[in-house]
Amino acid sequence: MYPLIDTALIRLLLWAFLLLALLGLGVTAMRYWRRKLADQHSLVDRINALLPQTQCGACGFEGCLPYARAIANGQAINQCPPGGDGTIIRLGNLLNELPRTLNPAHGVVVEPRVAFIREDECIGCTKCIRACPVDAILGGPKLMHTVIARECTGCDLCVEPCPVDCIEMRPLGPDHSPRWVLPNSGSGTRTSLEVTR
Amino acid sequence: MSKLAHPVRGRRVHGIAGGITPAANKAASLRSRIMPCPLAPLYTLPLTQYKSVPLTPAVQAGDYVQKYQRLTTSANPDAAHVHAPTSGRIAAIRNCLIADRVETLAPCIELVPDGADTALGCSPVPDFRKLPTSELFQRIIDAGICGMGGAGFPVAQKLRLAQSADCQLLIINAVECEPFISADHALLRERAADVLLGAEIVQTVCRAARCVIALKRDMHAAISATRSALAHSTVEMLLVDSKYPAGAERQLIEAVTGMQLPAGSLPLEAGILMLNAGTTYACGQAVVTGSPCISRITTLTGSALTTPKNFEALIGTPVTFLLELCGVKQHDHTATVLGGSLLGVELASLAVPSTQTTNCLIAATSADLPQSEPELACIRCGYCADVCPVRLLPQQLHAFARNHAHAQLQDYGLTECIECGACDYVCPSHIPLVQYFRAGKQELRDATRHFEQAESWRTRFQQHQYRLKREKESARERRRPESQPTSAPVSRHSPAFSREQAQNEIAAAVARSKARQQARTNRLLASVPKSSGDPEDSGGVA
């Protein structure tokens, strides 16, 4: 008489099922972690894209990317003075947070500026060069330094290290090229002539 | 794409998408023939014929110049040079007001004519077919011609591009769809053969397989003149609907070939070159008579003029002088518009010279140019979408431009807008849509510039961080002691101690230390000339 139920087979099937379930669980967990990491990365990238990239460190972090990482981990979004209200609003939209005013502990909004080295006073100490986060200062030891104005972010970081105080921040000159403005914002230019219809 | 044979539709009349039919207002200026222009007291020749091509003056104040003499030099071999429109003395080279979309100050040569009009000798060519293509092209380059349709792009550069691209079709644009302008109409009516000759020359230079001249259906006199001139030419004539803006580049290409150019692509990428009729005429004259381009046909019209007409105006003639020639009704004259009534700009000052792109000057009365009515809310009637020749949705774009919604403006194709003003014209709420679009385009351009700037800063910051990391690693590498196995210290009192061996070891250590010091000095010496050249090598230098 054969046993009605083959216990060995059932046991085998049970083990196989358990193994498969464990495997599936592992794969799902791995996927989940990967996904979460990727999301985190893309979130950091998206936050970083909204930051002004001046790398000034006014937020308390070493640059824009470190601040973006911190924001992704819950740091306040109102610590970026060069970005001003526009950046805070855009960050708030991205992260579904209510926009706040800029935290005055980190500075105030200033107009775009560019560093300028008074070259006859420069002693060539290379301290500003080491301070510049975007390598926008050119020069060598005991040689005169100068700022590549096009690459300068106006971050202020070179002013403080200068032992002879020969660096000043100058505002970018206003743009005099003709600009089109939205019609009811004041100085609208009439361009088309009405023809009798 | 360029291999595509362009099926120029038969001699049917073709339409464009959308478009409007405003009153043409061309009859007044077409009543008389093209008139030669008398000498003005002063000619102001802008040195910026086209923004991207800077010209340096080759003459100084006080120099005597002859008619046709070249007055400028340029590093660019294809630059459109400035030539003296008549003989006289250079009064000054200074910044003057010119009308370049809006009035701006630009460096100009001021020429006071002596009235003798003595010209440099030119070398006419009776039959251009006997000249090699390179010679034809050189003559066109030397003539300093800019596109006379509006943008003023140097023709030599355009032809150079057409030669390197595979140009299949040359379209001569004589559509002139804007109200009031009749310069091309008058030109074709009186000099159709010369225009067609110019077309054949340009066709030879750019090696286009076929050449089509496009006219508007209601240019009757010009059509008949062109038709009779066509008997001696290989050029084909094509008529398009009397609609505005049938003469815009992309719209005309669509009407002629039935093909829509992809957004953002140039006509030359599809093997099509388009030139204005006036430009073609100037190219023809440059080859046949050998004279540079010193004049163009300019329409003077508007209700404030007693006798509107077309003048062959010398480049640099003051606008006031041209208007005076037609008799200005001073008390009626309220505004002057440069260009046609739809795309033209109102001149704030009349102290500007006419240029190669000055196709029309309208001396308007208050009836021509009524006060703009107040802007009302958009009622979503959709008339603007019906007339848009680019098939955009102006009412949507208007809402997006008001709200600074850059992403949507991009998505809805604002950059494809040709600013023709058809939507403005039909809008029952008097919304100045084109101005919204121009402001929106400006914002998009600014946003792109900021984005690119930020991207550049971001990469520079990353490279900076990377460099710091690498420097730190290389410093650690340098500090690592040289791998010299030292023998285990042996006590002086142990039996194995040998004085001799100890002294040898000490001497070896001293030698090693000296060698290290020498190496350090060498390294420092080697780094000195490098410090300014290679920023990556030395520690503190960036």
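So you know, we letter chains A, B, ... as the sequences are listed, proteins then strands, and number each from 1.
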In this structure, are over 12 heavy atoms from other groups packed under 6.0 Å from A/Glu62 atom CD? no

Greater than 12 external heavy atoms within 6.0 Å of A/Lys127's NZ: no

I'd like to know if the side chain of B/Trp457 reaches the main chain of A/Gln55, judged simply by a donor and an acceptor atom lying under 3.5 Å from each other, with no hydrogens or angles considered. no

Test item: B/Arg458 and A/Cys64 side chains (from C-beta on) under 4.5 Å apart, heavy atoms: no

Which bit of A/Pro52 is near chain B, if near means a heavy-atom gap under 4.5 Å: side chain, backbone, both or neither? backbone

With rounding to the nearest 0.5 Å, note down the distance linking CZ in B/Arg460 to SG in A/Cys132. 7.5 Å

Taking side chain as everything from C-beta outward and backbone as N, CA, C, O, which of these in B/His398 sits under 4.5 Å from a heavy atom of chain A? Side chain, backbone, both or neither. neither

Which atoms of B/Glu455 come close to chain A, meaning under 4.5 Å heavy atom to heavy atom: side chain ones, backbone ones, both, or neither? neither

Shortest non-hydrogen pair, A/Glu151 vs B/Ser456, comes out as OE1-OG, 3.2 Å

Minimum-distance pair of heavy atoms, taken over all atoms of B/Phe461 and A/Gly63: CZ-CA, 3.8 Å

Residues which pass ring-ring contact (aromatic ring centres under 6.0 Å, His included) with B/Tyr383, listed by chain and number, not counting sequence neighbours: none

Verdict with supporting geometry, A/Asp135 and B/Arg467, side-chain contact (heavy atoms from CB on, under 4.5 Å): CA-CA 10 Å; A/Asp135 289 341; B/Arg467 184 171 62 80; 3.0 Å; yes

Between B/Gln453 and A/Arg150, is the side-chain contact (heavy atoms from CB on, under 4.5 Å) condition met? List the steps. CA-CA 9 Å; B/Gln453 178 81 76; A/Arg150 203 167 38 113; 5.6 Å; no

